[in-house]
Amino acid sequence: MHAISVVLVALMALLHAYILVLEMFLWQRGPGRSLSGFDAELARATAPLAANQGLYNGFLAAGLVWGLIADDPTGQQVQIFFLSCIVVAGVYGAATANRRILFVQALPAAVTLATVVAAG
């Protein structure tokens, strides 16, 4: 179970690093606009907000990487903390912004969190 949890945490870190790139650097281009569904004008107007969100996703990715490289029990505790943050943010985002966030962020984070706890 430990190996599975390590792989899933690494995938979650990669996902959030990818979201950072989309929101900070590609928001006004094809990949970012297809993610948001915004036209060019709205993408331009919301780019500063998206960049801020992207930065937060980068912090989540960095926290998960920290959890992977730190010795246990600290590493596992850090993973649990950051995965819990992702679950909460994903549920809130799904409730307030786009239901798709529940399936893209919150659900994978919850499954990963369960594997980290089970591997404990």
Side-chain angles (χ1 to χ4, degrees):
M1 185 59 90
H2 178 72
I4 292 170
S5 72
V6 168
V7 168
L8 291 177
V9 170
L11 289 173
M12 288 300 299
L14 287 172
L15 172 65
H16 284 274
Y18 176 67
I19 293 169
L20 172 146
V21 171
L22 281 175
E23 292 178 339
M24 291 190 79
F25 305 109
L26 302 175
W27 190 252
Q28 296 182 65
R29 295 189 174 104
R33 288 194 34 214
S34 70
L35 174 71
S36 67
F38 293 166
D39 62 22
E41 183 178 333
L42 190 53
R44 187 176 77 269
T46 59
L49 299 172
N52 190 38
Q53 290 175 181
L55 184 61
Y56 286 110
N57 278 288
F59 292 141
L60 294 172
L64 292 175
V65 170
W66 173 31
L68 287 172
I69 63 175
D71 292 331
D72 286 332
T74 302
Q76 184 192 29
Q77 293 167 346
V78 168
Q79 291 173 36
I80 289 169
F81 173 78
F82 281 95
L83 289 166
S84 298
C85 289
I86 295 169
V87 171
V88 170
V91 168
Y92 183 79
T96 61
N98 188 326
R99 192 171 47 189
R100 182 175 47 172
I101 296 170
L102 185 68
F103 302 104
V104 173
Q105 287 180 280
L107 183 60
V111 170
T112 303
L113 178 60
T115 65
V116 168
V117 170

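FYI, the numbering just counts along the sequence from 1.
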| task | Look only at the side chain of Asn57 and the backbone of Gln53, and say whether a donor-acceptor pair between them is shorter than 3.5 Å. | result | yes
| message | Determine whether a donor-acceptor pair (N or O, by modelled atom type, separation under 3.5 Å) exists between the side chain of Arg33 and the backbone of Phe38. | response | yes
| Hydrophobic cluster mates of Ile101, side-chain heavy atoms under 4.5 angstrom, ILVMFWY only, any path? | none
| query | Are Leu42 and Met24 connected in the hydrophobic side-chain network, where two residues link if heavy atoms are under 4.5 Å apart? | reply | yes
| request: Mind jotting down which residue pairs meet the side chain to side chain donor-acceptor pair (under 3.5 Å) criterion with at least one end in residues 60-81? Sequence neighbours excluded, please. | output: none
| query | How far apart are the closest heavy atoms of Gln28 and Ala47, and which atoms are they? | reply | NE2-CB, 3.5 Å
| note | Sorted by chain and residue number, the side chain to side chain contact (heavy atoms under 4.5 Å, CB included) partners of Phe59 (sequence neighbours excluded) come out as Leu55, Tyr56
| task | Quick one: list whatever passes side chain to side chain contact (heavy atoms under 4.5 Å, CB included) with Ala17, sequence neighbours left out. | result | Ala61
I'd like a table of donor-acceptor pairs (distance under 3.5 Å, sequence neighbours excluded) in which one partner is a side-chain atom from residues 1-13, with atom names and distances.
| residue | atom | partner | partner atom | Å |
| --- | --- | --- | --- | --- |
| Ser5 | OG | His2 | O | 2.8 |

| query | Side-chain heavy atoms under 4.5 angstrom apart, residues restricted to Ile, Leu, Val, Met, Phe, Trp, Tyr: same cluster for Val78 and Leu64? | reply | yes
| Closest heavy-atom contact between Ile86 and Ala109? | CG2-CB, 3.4 Å
| remark: Thr46 meets the side chain to side chain donor-acceptor pair (under 3.5 Å) criterion, sequence neighbours left out, with Trp27
| Transitively linked via ILVMFWY side-chain contacts under 4.5 Å: Leu60 with Val88? | no
| field | Separation between OG of Ser34 and CZ of Arg29, rounded to the nearest 0.5 Å | value | 13.5 Å
| side chain to side chain contact (heavy atoms under 4.5 Å, CB included) against Leu22, all qualifying residues, sequence neighbours excluded | Tyr18, Leu26, Pro31, Leu35
| message | List the residues meeting side chain to side chain contact (heavy atoms under 4.5 Å, CB included) with Val117, not counting sequence neighbours, and say none if there are none. | response | Ile80, Leu113
| request: Determine whether Val91 and Phe103 fall in the same hydrophobic cluster, where Ile, Leu, Val, Met, Phe, Trp and Tyr are linked whenever their side-chain heavy atoms lie under 4.5 Å apart. | output: yes
| Rounded distance [0.5 Å steps], CG in Asn98 versus OG in Ser36 | 10.0 Å
| field | Atom pair CG (Leu20) and CD (Glu23), whose distance is rounded to the nearest 0.5 Å | value | 8.0 Å
